[in-house]
Amino acid sequence: SLKHGNSEYSACAYVTFGSYTAGIYGDIPSGSEFIELGRKLTEKLTSNVNSSHGPVYFCYAAGCYINKPFKSAHKYFELSQYYCEQNGSFQWWGYNYPYQLFTMLFSGVALDEIHEKSKKMRTDLAKLNQPETMKWFLMWMQIIDNLKGISAEPTVLEGQYFKEHT
């Protein structure tokens, strides 16, 4: 990008570099600027939708709450999911679901609403055949059940979706 100018994949590099700069090196202002640069470049390239849009929005959502309200990430996870579905980026699409549950949960979305959305997400995720992502997703579903009081022991992740000790 520095040598030949921005390409459709530059946005992903900016967001990733920004995440590392903020998360690993602790330079939150600089990291946030690179993360924003990646998002803005992606939005500039939206008329030419490419396979990098899904991962860029995913990485942006995962890092945007560094300097924004946590619930602002959900919009970008949804955009990532949309672009991943459109472009066949199924691995990134699958990654979205556990993060969406996590983000909804910590953004104050009602547990009943999260529970209902998670059922559809689970059906979609099963079609993607991503066993490790499914385990992670089911752990979050179990957390939601525990918080709703559905599980017998709310401090242990053991129930319909997840068994902590297996």
Enquirer: Does a sphere of radius 6.0 Å around NZ in K75 hold more than 12 heavy atoms from other residues, nucleotides or ligands, not counting ones at 6.0 Å or beyond?
Expert: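 At most 12 heavy atoms, drawn from other residues, nucleotides or ligands, come within 6.0 Å of this atom.
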
Enquirer: After noting the C-alpha distance and the side-chain angles of Y57 and C84, does the key distance pass the side chain to side chain contact (heavy atoms under 4.5 Å, CB included) rule?
Expert: CA-CA 10 Å; Y57 281 128; C84 288; over 6 Å; no

Enquirer: Is a donor on one side and an acceptor on the other found under 3.5 Å between the side chain of T123 and the backbone of K119?
Expert: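 Pair found, side chain donor or acceptor close to backbone of K119.
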
Enquirer: Apply side chain to side chain donor-acceptor pair (under 3.5 Å) to the pair D145 and S151, showing each step before the final yes or no.
Expert: CA-CA 6 Å; D145 269 11; S151 296; 5.4 Å; no

Enquirer: Would K71 and V109 satisfy side chain to side chain contact (heavy atoms under 4.5 Å, CB included), going step by step from the backbone distance to the final call?
Expert: CA-CA 9 Å; K71 64 183 173 184; V109 176; over 6 Å; no

Enquirer: Determine whether the aromatic ring centres of F106 and F102 lie less than 6.0 Å apart.
Expert: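 Between F106 and F102, the centre distance is under 6.0 Å.
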
Enquirer: Could you walk me through whether Y60 and I35 pass the side chain to side chain contact (heavy atoms under 4.5 Å, CB included) check?
Expert: CA-CA 6 Å; Y60 179 80; I35 291 169; 3.2 Å; yes

Enquirer: Spell out, yes or no, whether L111 and I150 are grouped together once hydrophobic residues are joined by side-chain heavy atoms under 4.5 Å, including indirect joins.
Expert: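 L111 and I150: separate clusters.
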
Enquirer: Which atom pair, heavy atoms only, marks the closest approach of Q91 to Q130?
Expert: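 Smallest heavy-atom distance, with atoms named: CA-NE2, 3.3 Å.
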
Enquirer: Determine, for K40 against E43, whether the closest basic-nitrogen to carboxylate-oxygen distance falls under 4.0 angstrom.
Expert: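 E43 and K40: not salt-bridged.
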
Enquirer: Closest approach of G38 and V15, non-hydrogen atoms and distance?
Expert: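 In terms of heavy atoms, the two residues are closest at CA-CG2, 3.6 Å.
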
Enquirer: Where the side chain of Q81 meets the backbone of N96, is there a donor-acceptor pair that is under 3.5 Å apart?
Expert: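 Checked: no pair found.
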
Enquirer: Would a distance-only check, ignoring hydrogens and angles, find a side-chain to backbone donor-acceptor pair under 3.5 Å from E164 to E158?
Expert: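 Flag not set: sc E164 to bb E158 has no pair under 3.5 Å.
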
Enquirer: Step through it carefully: locate the ring centre of F58, locate the ring centre of Y76, and say whether they are under 6.0 Å apart.
Expert: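 Here the rings of Y76 and F58 have centres that are no less than 6.0 Å from each other.
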
Enquirer: How about OH on Y161, more than 12 heavy atoms from neighbouring residues, nucleotides or ligands closer than 6.0 Å, or not?
Expert: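 Check passes, neighbour count above 12.
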
Enquirer: Between E78 and S80, do the side chains contain an N or O donor and an N or O acceptor separated by less than 3.5 Å?
Expert: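 No, because no side-chain N or O of E78 sits under 3.5 Å from a partner of the opposite role on S80.
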
Enquirer: Return the orientation label for the Y99 and W136 ring planes: parallel under 30°, perpendicular over 60°, tilted otherwise.
Expert: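 Rings of Y99 and W136: perpendicular, over 60°.
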
Enquirer: Ring centres under 6.0 Å, that's the criterion: do Y95 and W92 meet it?
Expert: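 Ring-ring flag for Y95/W92: true, centres closer than 6.0 Å.
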
Enquirer: Quick one: are M104 and L101 in side-chain contact, heavy atoms under 4.5 Å?
Expert: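 In short, these two side chains touch, coming nearer than 4.5 Å.
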
Enquirer: Walk me through whether L105 and L147 qualify under side chain to side chain contact (heavy atoms under 4.5 Å, CB included).
Expert: CA-CA 10 Å; L105 182 62; L147 290 170; 3.6 Å; yes

Enquirer: Using only atom types and a distance under 3.5 Å, with no angle test, would you say the side chain of N146 pairs donor to acceptor with the backbone of V156?
Expert: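 Answer holds: yes.
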
Enquirer: Same cluster or not: are F77 and M139 linked, directly or through other Ile, Leu, Val, Met, Phe, Trp or Tyr residues, by side-chain heavy atoms under 4.5 angstrom apart?
Expert: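 They do share one cluster, since a chain of ILVMFWY contacts under 4.5 Å joins F77 to M139.
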
